[in-house]
Undergrad: 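The structure that follows is given in the form of structure tokens.
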Amino acid sequence: MSDAKAVADRLVKAKRLNALLTPPKDLRKSLAIQEAAARPTGVLYGMPVAVKDNICTLEFTTTCGSRILEGYRSPYEATAVAKLKTAGALIAGKTNCDEFAMGSSTEHSAYGRVLHPLDKARVPGGSSGGSAALVAAGAVPAALGSETGGSVRQPAAFCGVVGIKPTYGRVSRYGLVAFGSSLDQIGVFGRSVHDAARVLSVISGRDPRDSTCEDRDPLRLPTVPESLQGFVIGLPKEYFPPELDPAVRRACDRAVRLMKELGAAVREVSLPHTPYAVPTYYVIAPAEASSNLARYDCVRYGPRFDGRVDLRGLYRSTRGQGFGPEVRRRILVGTYVLSAGYYDAYYKRAQQMRALIAQDFRNAFDRGVDLLFTPTVPSPAFKAGEKLSDPIAMYMSDIFTVTANLAGLPAMSLPIGRIKGLPLGGQLVGQAFLEDEMIEAAYALERVVPATDEA
Amino acid sequence: MSSSWETIIGLETHVQLRTKSKMFCGCATAFGAPPNTQVCPVCLGLPGALPMPNGAAIGLAVRAALALGCTVHPKSVFARKNYFYPDLPKGYQISQFDQPLATNGTLSFLAPERGIVTAGVVRLHLEEDAGKSIHDRFPKATAVDLNRSGVPLIEIVGGPDLRSPAEARAYLQTLKQLLEYIGISDCDMEKGSLRVDANVSVRRAGETALNTRTEVKNINSFAFVEKALTVERDRQIALIESGGAVTQQTMLYDSKENAVRPQRSKEESHDYRYFPEPDLPPLVLTPEFVAEQQSALPELPAAKRDRFVATYALSREHATVVTSNRAVADYYENVVRAGAEPQAAANWVMTEALADAKDHQEQLRVAPGALAQIVALVKGGTLSHQAAKKVFGEVAAKGGEPRTIAEALGLIQVADSNVVAGWVTDVLGAHASEVGRYKSGETKLMAFFVGQVMRASKGKADPKLAQRVLEEKLTAS
Ligand SMILES: [Zn+2]
């Protein structure tokens, strides 16, 4: 389909975005080797797929955008990466991201921020901002990202590409460096619904190395439907609050009208626990992160930051200097909410709320709704630095996406228009393991929506 | 001083399960491999690696729970126990916390002072082991060996039901015996496959409330269990008697000094921040799986002991010794099945067979049929007990048929009264003064004469016959 040199050239051309962490020399060398080894019979033969730097690869270092893993080379590769290679795809380098996937702007990378392809003063979203930016810039047709609270859908919306987060358990997490294990899923970016979906299909399916991965066959790709006849689309009213940006509302209204014209039935639904989703998420995800990130002590791998031999001194210097401020903040929050005396008030209550949020979705689906449609993000890409000093404002950019992670449901974002030249995303949320229905609807909408027109 | 004091002890026992591979990965568990050779991304805790439970380990844990009479829960939950240490590669240990595999069992054992005691087993849960820190290998540096990281363990938490250090030892002995019996562990304290921590408190006799307890750790050999707990008990009593109070802390036992010292508070982790392990779904056991484990259990030691008392008319003590180990119990039953009289068989197994096994890597070297034949030869008067021991030794060392060996060694007892009478005459002739003393009433010399006849006959004389002939001759003349 495309030779290794052309792939590398396109990626190197996008260098100004700081989206790729792999040095050009390493990239060219590896792509040539991979191309020679790729199986011509694979369904993704020759397709370059960039991979977020928190997914383990043998070809390149895996740093998670962190100093603490600077130069770290995994001795094994993620199941998703192995499946891509088996299908003939080329691993087209590692993409910049917020450190350990913690962030919504890719400003929290130890290796510098990623620029928005359409406006270098703006952020591409995050945490999978590097993957989104490379796809948006046309450097690769598809890329892997990862989601814990919207880290694929939000940057997809900001950059104007398609981003899919599958059902929790659809894709193996083996080799995805853990952030919030009960929320994490590998997701996919594509220039089109089809590019994203076919990569998702390849990486999905059972894995004997991940006991949270469901024992299911890989996702079967649906065909592009003629209409949306028979589909019932729910509009959760909590996602269309009065204060919603009018341009976002206009873009959504237009998409809804187009789906109706394709034959879909549309009705309003309610997900009453939505207001609690962000606080719930910011208890559970840091709690799990505080434990998942305990292994980074630079005893077995990773750089040592000074020569102190005292154990406490080693922990203090490696973790103090190795982690950036956002990671340290979340480790502190997570440690706090799991502490004796606070566990019941925070972690346990958050888990109870999580169950209620998941129940909201089941209730909606039980009333005959097939899919939900919402804005992916409350506003288009913001300016770099705009939210850095205000973590809460940054966290609120996940407001429409965290619920699908908490409920473990498949969700995706696709471009539905622009505001002042900046892309806007519409989100579809499906029922567990019914990605095919969600993708079918996305195919139909993608064909009719004026994705690059002003809303 | 301890007479007016009561000691309360509860043991927490960690037992390594006898599996080929680790709890959450495929690495080998063999003891003694070169450092860091039995490791993989999972047990090294490398970024992105995930645990996968080992079904064999779960099966063995369920067997242990069933053998201890626990309620095995159809659903239990793995939890993370978080703390920092260089030999804990993930920064947490996967264990179980508020929803353990099994709860509420018992262990009955023979206590030295109180007879049969039934101690409670509060809970039994599955967990993975940490690696090993080696502080004495390199000067000024600590080395870490992660071969042990991820090895499957069960923790058995006993209730505060033990009342003396000796009782704690007896409890542990019985527990070890049970777990070896059902084949789930080799329970070797020296290799670390059985480890015990003890919670100890004291109270004045007659008090019913529990006082502040300490935890005694680092008891790394069976021999030290009683010693360590005695030291800690005495320390607590002395402390209270001198007007002090026990503080809740962890004490480390130093076997060289036979002393305990408080663990530095820095080494202590107070808050493990347990939470459900998100990388593992709840552990769901089907009734079929539990039934399968139940049927894989052999007859347990207590049941076997009771059966031996009932079936073979052994005393409780003898039955306890003979059933102390599954191989010995099976051996005993095979000896009886081969025709030996049960009590005589027990005597032989408890003495000669066990002594020989002790010297030969626990091998029971004399085949059950051969031992049964030896027992029969003694009973029939063909072999003296002394001669039979020699035959046993020969058969153990070289094999062969006992009767043939006895004949070859010339050990067949002479039951011909004329031949015996000849030896008797010689003995009486040689000991005229003893004959005189016997006749003047010193009849206890009979044992001396029998001994001399046995000596003269090189052990071949039937001692009962010799005594009868001696009595005849000594009263006749
Ligand atoms: Zn391993």
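Here is how names work: the chains are called A, B, and so on, in the same order as the sequence lines, proteins then strands, and each is numbered from 1.
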Undergrad: Are there more than 12 heavy atoms of other residues, nucleotides or ligands under 6.0 Å from atom CZ of A/Arg216?
TA: yes

Undergrad: Contact between B/Arg80 and A/Ser181 at the side-chain level, heavy atoms closer than 4.5 Å - yes or no?
TA: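 Yes, side chains in contact.
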
Undergrad: A side-chain contact here means heavy atoms from C-beta on lying under 4.5 Å apart; do A/Ser211 and B/Phe24 qualify?
TA: no

Undergrad: With a 4.5 angstrom heavy-atom cut-off, could you sort out which part of A/Phe100 is near chain B: side chain, backbone, both or neither?
TA: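 Contact with chain B is absent: no heavy atom of A/Phe100 under 4.5 Å.
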
Undergrad: Can you tell me how far apart CG (B/Asp279) and CG (A/Asn292) are? Round to the nearest 0.5 Å.
TA: 6.5 Å

Undergrad: What part of A/Arg209 gets closer than 4.5 Å to chain B, counting heavy atoms only: side chain, backbone, both or neither?
TA: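 For A/Arg209, the backbone is the part near chain B, not the side chain.
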
Undergrad: For chain B, find which of A/Ser291, A/Gly180, A/Ser182, A/Ser172 contributes the most heavy-atom pairs closer than 4.5 angstrom.
TA: A/Ser291

Undergrad: Does CZ in B/Arg148 sit with more than 12 non-hydrogen atoms of other residues, nucleotides or ligands closer than 6.0 Å?
TA: yes

Undergrad: Mind checking which of residues 68-83 of chain A sit less than 4.5 Å from chain B, heavy atom to heavy atom?
TA: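 Listed by number, the contacting residues are A/Leu69, A/Tyr72, A/Pro75, A/Tyr76.
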
Undergrad: Would a 4.5 Å heavy-atom cut-off, applied to side chains only, mark A/Ser339 and B/Arg273 as touching?
TA: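 In short, these two side chains touch, coming nearer than 4.5 Å.
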
Undergrad: Main chain of A/Ala340, side chain of B/Asp271: is a donor-acceptor contact present, judged purely on distance under 3.5 Å?
TA: yes

Undergrad: Does any heavy atom of chain B fall under 4.5 Å from the side chain of A/Thr335, the backbone, both, or neither of them?
TA: both

Undergrad: Return the option, out of A/Tyr347, A/Tyr301, A/Tyr296, with the maximum number of heavy-atom pairs under 4.5 Å with chain B.
TA: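 Between A/Tyr347, A/Tyr301, A/Tyr296, the count favours A/Tyr301.
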
Undergrad: Given a strict heavy-atom distance threshold of 4.5 Å, which part of B/Tyr85 is in contact with chain A: side chain, backbone, both, or neither?
TA: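 Both parts, backbone and side chain.
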
Undergrad: Using non-hydrogen atoms and a limit below 4.5 Å, what part of residues 42-53 of chain B faces chain A?
TA: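 Within residues 42-53 of chain B, the residues under 4.5 Å from chain A are B/Val42, B/Leu44, B/Gly45, B/Leu46, B/Pro47, B/Gly48, B/Ala49, B/Leu50, B/Pro51, B/Met52, B/Pro53.
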
Undergrad: Could you check if a side-chain atom of A/Tyr315 sits within less than 4.5 angstrom of a side-chain atom of B/Pro86, using non-hydrogen atoms only?
TA: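 The answer is yes, as the side chains (C-beta and beyond) meet within the 4.5 Å cut-off.
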
Undergrad: Can you tell me if CZ on A/Arg300 sees more than 12 non-hydrogen neighbours from other groups inside 6.0 Å?
TA: yes

Undergrad: Is it the backbone or the side chain of B/Phe275 that comes under 4.5 Å from a heavy atom of chain A, or both, or neither?
TA: both

Undergrad: Only pairs of heavy atoms separated by less than 4.5 Å count here; which of A/Pro208, A/Cys56, A/Ser290 has the most with chain B?
TA: A/Pro208

Undergrad: Which atom pair, heavy atoms only, marks the closest approach of B/Phe84 to A/Ala294?
TA: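 Closest approach of B/Phe84 to A/Ala294: CE2-O, 3.5 Å.
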
